Amino acid sequence: MDTPFAFATADPSPFYDSQQLGPIGVFDSGYGGLTVLKEIVKHLPDYQFIYLGDNARAPYGNRSFETVYHYTLSCVEWFFQQGCSLVILACNTASAKALRTIQQQDLPKIAPNKRVLGVIRPTTEVIGRFTHTNKVGIMGTSGTVMSNSYPIEIAKFYPEIAVFQEACPMWVPLIENNAFDNPGADYFIEQNLQHLLQQDPAIDTILLACTHYPLLMNKLMQLTSKQPHLKIISQGEIVASSLVDYLNRHPEINQLCKQESGIRFFTTDDTSDFNQKAAIFWGQPLVSEHAVL
Ligand code: DGL
């Protein structure tokens, strides 16, 4: 085991301590956020984290704004009960469909001193560094694509960039069911990739705008091996660097985050199923606990 973090213990008590210090919460509808958490802990190895996958209600990708908002809010409230002052929505769909309402309407009422951050803003802030042609492709869930969050946010930072989107509704179910490495899956992956690239041959940067998709990185690299000008970007490292920067700029939040290595993994669904599938995203075995929302 090459991680400095202790895995989950049998102790069901939250991390909350008397000085009001708490872990940083990292959330996803299921397993995808683990690809982001993995990068975050490399950057912040001395902090304490708590991960929640809402597997019982995943996937979120095809659900309505209203539903994603209510599901996400209930998970954010759960993190607050665990003593978190900072929660990262490591899920593009939740960031696209729920974050703004939670930040603007809910937090001022329920927890004015706590913060909830997403993954779209940090990604759009830096996307211009990757493209030379100013043509960027976004691959995401239907929810993320239909929200238009990426084109809108990219236009704020890089108005010169043209954004092309492709919804990939089959990718998360294939990944969550560990069925992404077979010829049946290849059909959907190749089809979505082609649809995106057909929109403009000058696209030189593809953003994997779903935290599940890094598991397809090898396959996508193979499929694009004859187009070496294409860069395929995943978000983990970008979000992790942005979080470090955020904590440096916000000492009032940083001082509420417990600096004591440790991670606990929670799922709203069956823990043995989670342990088995999450290990693929996490890269090594983990032990999860059941979260009751
Ligand atoms: N991992 C989530 C995202 O980044 C999507 C998964 C889902 O559809 O639930 O969008």
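What's counted below: heavy atoms across the whole structure, side chains too, no hydrogens, waters or symmetry copies. Both ligands and their constituent atoms are indexed starting at 1 by order of listing. Keep in mind the model is a prediction, meaning the values are calculated, not measured.
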Within 4.0 Å of some non-hydrogen atom of Thr141, the atoms of ligand 1 are 5 (C), 8 (O), 10 (O)
Q: Answer with yes or no after comparing the ring centroid distance for Phe274 and His290 against a 6.0 Å cut-off, counting only values under it.
A: no
Report whether Ile138 and Met146 are members of the same hydrophobic cluster (ILVMFWY, side-chain heavy atoms less than 4.5 Å apart, transitive linking).
no
Next on the checklist: For Trp282 together with Phe265, are the ring centres under 6.0 Å from each other?
Outcome noted: yes
Closest to atom 6 (C) of ligand 1 among protein heavy atoms sits Ser29 OG, 3.2 Å
For Met217, look at atom CE and say whether over 12 heavy atoms of other residues, nucleotides or ligands are found less than 6.0 Å away. yes
the protein heavy atom lying closest to atom 1 (N) of ligand 1 turns out to be His212 ND1, 2.7 Å
Salt-bridged, Arg100 to Glu153, with N to O below 4.0 Å? yes
Below the 3.5 angstrom mark, is there an N/O of Ala209, backbone or side chain, next to an N/O of ligand 1? no
Atom 10 (O) of ligand 1 has as its nearest protein heavy atom Thr93 OG1, 2.7 Å
Ligand 1 N/O within reach of Tyr60 N/O, cut-off under 3.5 Å: yes
A student checking ligand 1 against Asp28 at a 4.0 Å heavy-atom cut-off should list atoms 1 (N), 2 (C)
Atom 3 (C) of ligand 1: closest protein heavy atom, distance to 0.1 Å, is Asn92 N, 3.2 Å
Of Cys91, Pro169, Gly143, Gly61, the one whose closest heavy atom lies nearest atom 2 (C) of ligand 1 is Cys91
- Query: Given the side-chain rings of Phe188 and Trp171, with only the six-membered ring counted for Trp, is the space between their centroids under 6.0 Å?
  - Reply: no
Counting heavy atoms under 4.0 Å, the part of Val119 that contacts ligand 1 is neither
Taking the six-membered ring for Trp, are the ring centroids of Phe266 and Tyr51 within less than 6.0 Å of each other?
no
